[in-house]
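We use all heavy atoms of the structure for the numbers below, so side chains are in, but hydrogens, waters and symmetry mates are not. Residues take their numbers from the sequence shown, with the count starting at 1. Just so you know, ligand 1 is whichever comes first in the structure, and atom 1 is the first atom listed for that ligand. Here the structure is a predicted model, which is why all the values come from computation and not from measurement.
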Amino acid sequence: MQYLDLDKIALKEIPKISDPDGRGNLSVVEKDYLPFVIKRVYYLYDVPSSSTRGGHAHKQLQQFLIALSGSFDVVLDNGKKRRTITLNRPDRGLLIPSGVWRELENFSSGAVCLSLVSEEYSEEDYIREYSEFKLFKSA
Ligand code: T46
């Protein structure tokens with residue numbers, strides 16, 4: 001099983017079009033921007049600052065997370081070590097490959113987490129027990 005090199009994870013810049021007349025910014029995710037075809041979009045919002053989302057890994061699903069508003073931390077765990085990445089800009093996103101444990105925490109007031117993903121919803125794709133994730137990675 002491959003272990004994602006967490007040191008190589010970098011936020012990916014999303015093309016931004018700033019309006020010359022001061023009407024604000026527009027960012028766009030086009031067809032070939034991500035290394036997967038987007039099959040589903042969902043978003044988290046009204047998350048209490050004391051709450052944690054995620055707490056699982058995906059067997060197949062890849063995803064791209066964007067803090068459309070506010071900020072939150074994403075703790076990535078490759079089975080060997082952890083790294084925390086803060087998302088706080090709507091023009092930067094975090095690509096999470098399959099086989100990575102993730103926890104989302106420290107949501108600011110008004111934070112919105114947009115998730116663009118490679119698969120349709122399937123509970124079968126989730127590993128929700130950390131001990132099972134460790135076994136999955138060592139297989
Ligand atoms: C992820 C993080 C960032 C559905 O019915 N359809 C869906 O498309 C999704 C995503 C969830 N659900 C149901 C399954 C649960 O009964 O909604 C409930 C909450 O899902 P979950 O506990 O998985 O939510 P999070 O915020 O912990 O995780 C979600 C995604 O599931 C996951 O892929 O990476 O957001």
Exercise for the section: May I ask whether E119 places a heavy atom under 4.0 Å from ligand 1? Expected result: no

Problem - Minimum non-hydrogen distance to atom 6 (N) of ligand 1, winning option of F72, Y42, Y121 - result: Y121

Practice task
Apply ring-ring contact (aromatic ring centres under 6.0 Å, His included) to the pair Y42 and Y121, showing each step before the final yes or no.
Solution key: CA-CA 10 Å; Y42 55 84; Y121 177 70; 8.6 Å; no

Practice task
Note the single closest protein heavy atom to atom 31 (O) of ligand 1, along with its residue, its atom name and the distance in Å.
Solution key: Y126 OH, 2.5 Å

Handout entry: L114, L104, D125: member with heavy atom nearest to atom 3 (C) of ligand 1
Key = L104

Practice task
Assess the pair F133 and Y130: is the distance between their ring centroids shorter than 6.0 Å?
Solution key: yes

Problem - Heteroatom proximity flag, E123 to ligand 1, N/O under 3.5 Å - result: no

Exercise for the section: Starting from the C-alpha separation in whole Å, work towards a yes-or-no answer on side chain to side chain contact (heavy atoms under 4.5 Å, CB included) for D7 and K81. Expected result: CA-CA 10 Å; D7 295 330; K81 63 181 200 177; 3.4 Å; yes

Exercise for the section: For the residue pair H56 and H58, categorise the inter-ring angle as parallel (less than 30°), tilted (30 to 60°) or perpendicular (more than 60°). Expected result: perpendicular

Problem - Distance from atom 27 (O) of ligand 1 to nearest protein heavy atom, with residue and atom - result: G54 N, 2.8 Å

Exercise for the section: Inspect the contact between D125 and K59 and indicate whether a charged nitrogen and a carboxylate oxygen are less than 4.0 angstrom apart. Expected result: no

Practice task
Say whether, by atom type as modelled, one donor and one acceptor occur between the side chain of D73 and the main chain of T84 under 3.5 angstrom.
Solution key: no

Handout entry: Which segment of R128 sits under 4.0 Å of ligand 1 when only heavy atoms are counted
Key = side chain

Exercise for the section: Could you tell me whether atom 17 (O) of ligand 1 has a protein heavy atom closer than 4.0 Å? Expected result: no

Problem - Exercise check, heavy-atom protein proximity under 4.0 Å to atom 34 (O) of ligand 1 - result: yes

Exercise for the section: Please answer: with hydrophobic residues joined when any side-chain heavy atoms are less than 4.5 Å apart, are I38 and L114 in the same cluster? Expected result: yes

Exercise for the section: May I ask you to check if ligand 1 and R53 share an N or O to N or O distance below 3.5 Å? Expected result: yes

Problem - Heavy-atom protein neighbour under 4.0 angstrom from atom 1 (C) of ligand 1 - result: yes

Fill in the blank from the handout: In ligand 1, the atoms that come under 4.0 Å of a heavy atom of L44 are 26 (O)

Completion exercise
closest protein heavy atom to atom 10 (C) of ligand 1 is R40 NH1, 3.4 Å

Exercise for the section: Look only at the side chain of S69 and the backbone of G110, and say whether a donor-acceptor pair between them is shorter than 3.5 Å. Expected result: yes

Handout entry: Short side-chain to backbone donor-acceptor contact, K134 and G79, under 3.5 Å
Key = yes

Practice task
Among all protein heavy atoms, pick out the one at the shortest distance from atom 28 (O) of ligand 1; state its residue, atom name and that distance to 0.1 Å.
Solution key: H56 CE1, 3.3 Å

Problem - S115 touching ligand 1 at heavy-atom level, < 4.0 angstrom - result: no

Practice task
Ignoring angles and geometry beyond distance, decide whether L65 reaches within less than 3.5 Å of ligand 1 through its nitrogen or oxygen atoms.
Solution key: no

Problem - Polar side-chain atom of K137 near backbone of G99 as donor-acceptor pair, under 3.5 Å - result: yes

